[in-house]
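Reckoned from all heavy atoms, side chains included, excluding hydrogens, waters and symmetry mates. Counting convention: from 1, in listed order, for ligands and their atoms alike.
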Amino acid sequence: MTSLFDLRGKTAVITGANTGIGQGIAVALAEAGANIVAVGRSSMNDTAELIAPHKVTFQAVAADLGSTEPVAHIVSEALKVTGRIDVLVNNAGIIRRADALDFTEADWDAVIDVNLKAAFFLSQATAQSMLTDGRGGKIINIASLLSFQGGIRVASYTASKSGLAGLTKLLACEWAAKGINVNAIAPGYFSTNNTQALREDADRNSAILGRIPAGRWGEPSDIGGAAVFLASRASDYVHGITLPVDGGWLAR
Ligand code: NAP
């Protein structure tokens, strides 16, 4: 019997796959057999090296998701690998920190553009292509604990990630019957570039660690299992959820 989690022959597009959580997801999907299209604005060489042992096709696509301009190009490049996109992971994201009283419009727009607007329009273009042969696919949005909680000093980030959880539900409602599963993963506190400032602040670091039941920060390798689940037929009847992978943070 083939595994419920088998992704051999599938093509997965992952944005922001050069580092951190996106890289962890790309490696896990490749281990399950998926061909990888790694989208981003930085070199994908490290990710290509990590994926090489899995003997899948690897394609890097250079794109800055600060605007929607590269969306059509990303889809057309991804379609060159196997002729269809089976999985899209909207992972690219940024964060800007400032008190709400001082938060600038530039920091608002920059975060919303990458975390929310690019994710929506790339999902739209990918879904259009997934539906041309009627086979559907899987879309996974990388949300956050701030899809559930308020946070502090990250107004546009909280708005974007709460928006992404809502968008995940809306797209699930519109596309579930068409064969596209739209779900999200909410990582807890992961050790990546995104959280470097928090880990370097001794007080914040120990406050965060003290609240995580697992007693440690997440590593990019901790996120892959949830992504493989949501990318595979194991999740065919799962629609619109935001799945926390947080070491138990939300259970506290
Ligand atoms: P990260 O190491 O900073 O990775 C962010 C990724 O997004 C990088 O690949 C980055 O590319 C890419 N990116 C940012 N702006 C982009 C743009 N304009 N165009 C294309 N790519 C762009 O942080 P991470 O923690 O792995 O973050 C990945 C996702 O997880 C983000 O959506 C983040 O909000 C989410 N998340 C992280 C945590 C955590 O604790 N780390 C928790 C919850 C959610 P460059 O390297 O070129 O900048």
Side-chain angles (χ1 to χ4, degrees), residues 13-28 36-48 50 60-71 73-74 88-97 106-107 109-123 140-149 151 154-165 167-168 184-201 204-205 208-209 211-212 214 216-224 226-227 242-247 249-250:
V13 175
I14 302 116
T15 66
N18 57 302
T19 185
I21 286 171
Q23 186 178 69
I25 290 173
V27 170
I36 301 300
V37 179
V39 178
R41 58 185 179 175
S42 298
S43 164
M44 295 292 167
N45 290 349
D46 290 352
T47 306
L50 291 170
V61 178
D64 186 335
L65 291 163
S67 85
T68 55
E69 187 268 323
V71 162
H73 175 68
I74 293 166
L88 167 66
V89 183
N90 286 306
N91 165 79
I94 56 172
I95 193 163
R96 298 279 168 87
R97 298 176 198 280
D107 281 347
D109 287 345
V111 172
I112 298 290
D113 282 352
V114 178
N115 295 14
L116 193 55
K117 188 173 177 182
F120 173 71
F121 284 101
L122 187 54
S123 297
I140 304 167
N141 294 320
I142 302 305
S144 166
L145 295 177
L146 300 186
S147 302
F148 303 101
Q149 301 180 306
V154 288
S156 56
Y157 187 81
T158 300
S160 73
K161 295 298 186 177
S162 298
L164 201 52
L167 191 59
T168 299
I185 296 170
Y189 284 87
F190 274 66
S191 181
T192 67
N193 300 335
N194 174 294
T195 52
Q196 192 175 349
L198 290 181
R199 281 176 287 113
E200 285 172 358
D201 178 333
R204 290 294 308 277
N205 187 43
I208 287 166
L209 272 180
R211 210 206 122 142
I212 301 174
R216 64 175 178 85
W217 286 75
E219 295 298 329
S221 57
D222 287 315
I223 206 88
T242 296
L243 174 62
V245 179
D246 65 352
W249 175 279
L250 288 174

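Contact annotation: the side chain of Leu209 never approaches that of Tyr189 to less than 4.5 Å [non-hydrogen atoms, C-beta and beyond]. In this structure the side chain of Ser123 reaches within 4.5 angstrom of the side chain of Asn90, judged on heavy atoms. Taking the side chain as every heavy atom from C-beta outward, Ile14 and Ile36 approach each other to under 4.5 Å. Taking 4.5 Å as the limit, every side-chain heavy atom of Thr68 sits out of range of all side-chain heavy atoms of Phe120.
With a 4.0 Å heavy-atom cut-off, ligand 1 is reached by the backbone of Leu65 and by its side chain too. Counting heavy atoms closer than 4.0 Å to ligand 1, residue Gln23 contributes nothing at all. Neither the backbone nor the side chain of Ala186 has any atom closer than 4.0 Å to an atom of ligand 1 (non-hydrogen atoms only).
Ranking the protein heavy atoms by distance from atom 41 (N) of ligand 1 puts Thr192 OG1, 2.9 Å first. For atom 11 (O) of ligand 1, the closest non-hydrogen atom of the protein is Asn18 OD1, 3.6 Å. Of the protein's non-hydrogen atoms, Tyr157 OH, 2.6 Å is the one closest to atom 34 (O) of ligand 1. Nearest protein heavy-atom contact of atom 43 (C) of ligand 1 is Pro187 O, 3.4 Å. When only non-hydrogen protein atoms are considered, atom 4 (O) of ligand 1 lies nearest to Thr19 CG2, 3.9 Å. The protein non-hydrogen atom at the shortest distance from atom 23 (O) of ligand 1 is Asn194 CB, 3.2 Å. Here the protein heavy atom with the shortest distance to atom 31 (C) of ligand 1 is Asn91 O, 3.2 Å. Looking only at heavy atoms of the protein, atom 5 (C) of ligand 1 is closest to Gly93 O, 3.5 Å.
Nearest-heavy-atom check against atom 20 (C) of ligand 1 across Gly22, Ala119, Ala63, Gly16 picks out Ala63.
Shown in contact with Thr195 at under 4.0 Å from a heavy atom are these atoms of ligand 1, numbered in order with element: 39 (C), 40 (O), 41 (N). When each atom of ligand 1 is checked for a heavy atom of Tyr189 under 4.0 Å away, the hits are 40 (O). Less than 4.0 angstrom separates some heavy atom of Ser42 from each of these atoms of ligand 1: 45 (P), 46 (O), 47 (O). In summary, the atoms of ligand 1 found under 4.0 Å from a heavy atom of Ala143, numbered by their order in the structure, are 43 (C), 44 (C). Contact atoms of ligand 1 toward Asp64: 17 (C), 18 (N), 19 (N) (distance under 4.0 Å to a heavy atom of the residue). Heavy-atom contacts of Asn193 reach the following atoms of ligand 1: 2 (O), 3 (O) (cutoff under 4.0 Å). Close approach to Gly188 involves these atoms of ligand 1, each under 4.0 Å from a residue heavy atom: 38 (C), 39 (C), 40 (O), 42 (C), 43 (C). Residue-ligand proximity, Gly20 to ligand 1, at heavy-atom distances under 4.0 Å covers atoms 26 (O).
With hydrogens and angles ignored, the 3.5 Å screen pairs a side-chain donor or acceptor of Asn115 with a backbone N or O of Ile94. Between the side chain of Arg41 and the backbone N or O of Leu65, no donor-acceptor pair lies under 3.5 Å. A donor-acceptor distance shorter than 3.5 angstrom exists from the side chain of Ser156 to the backbone of Asp107, with no hydrogens or angles considered. When atom types are taken as modelled, the side chain of Thr242 and the backbone of Ala186 share no donor-acceptor pair closer than 3.5 angstrom. At least one donor-acceptor pair under 3.5 Å links the side chain of Asp222 to the backbone N or O of Glu219. For the pair Asn141 (side chain) and Ala143 (backbone), a donor-acceptor distance under 3.5 Å is absent. Between the Arg96 side chain and the Ala155 main chain, no donor and acceptor come within less than 3.5 Å of each other.
Assignment of Ala118 to the shell around ligand 1 is not supported, since no heavy atom sits closer than 4.0 Å. A heavy-atom separation below 4.0 Å is not found between Trp217 and ligand 1.
Separating the CD1 atom in Ile142 from the CZ atom in Phe190 is a distance of 9.5 Å, to the nearest 0.5 Å.
Checked against a 3.5 angstrom limit, the closest N/O atoms of Ala17 and ligand 1 fall outside it. The distance criterion of under 3.5 Å between nitrogen or oxygen atoms is not met by Val114 with respect to ligand 1. Of the polar atoms of Phe190, at least one N or O is found under 3.5 Å from an N or O of ligand 1, judged by distance alone. Close N/O approach between Ile21 and ligand 1 is found [any backbone or side-chain N/O within under 3.5 Å].
When each of Asn18, Thr47, Asn91 is tested with Gln23 by the rule side-chain hydrogen bond (donor to acceptor under 3.5 Å, both in side chains), just one qualifies, namely Thr47.
At most 12 heavy atoms of other shown residues, nucleotides or ligands fall within 6.0 angstrom of atom CZ in Arg204.
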Practice prompt. Show the numbers, then the answer: is there a side chain to side chain contact (heavy atoms under 4.5 Å, CB included) between Leu198 and Arg97?
Written response: CA-CA 11 Å; Leu198 290 181; Arg97 298 176 198 280; 3.9 Å; yes
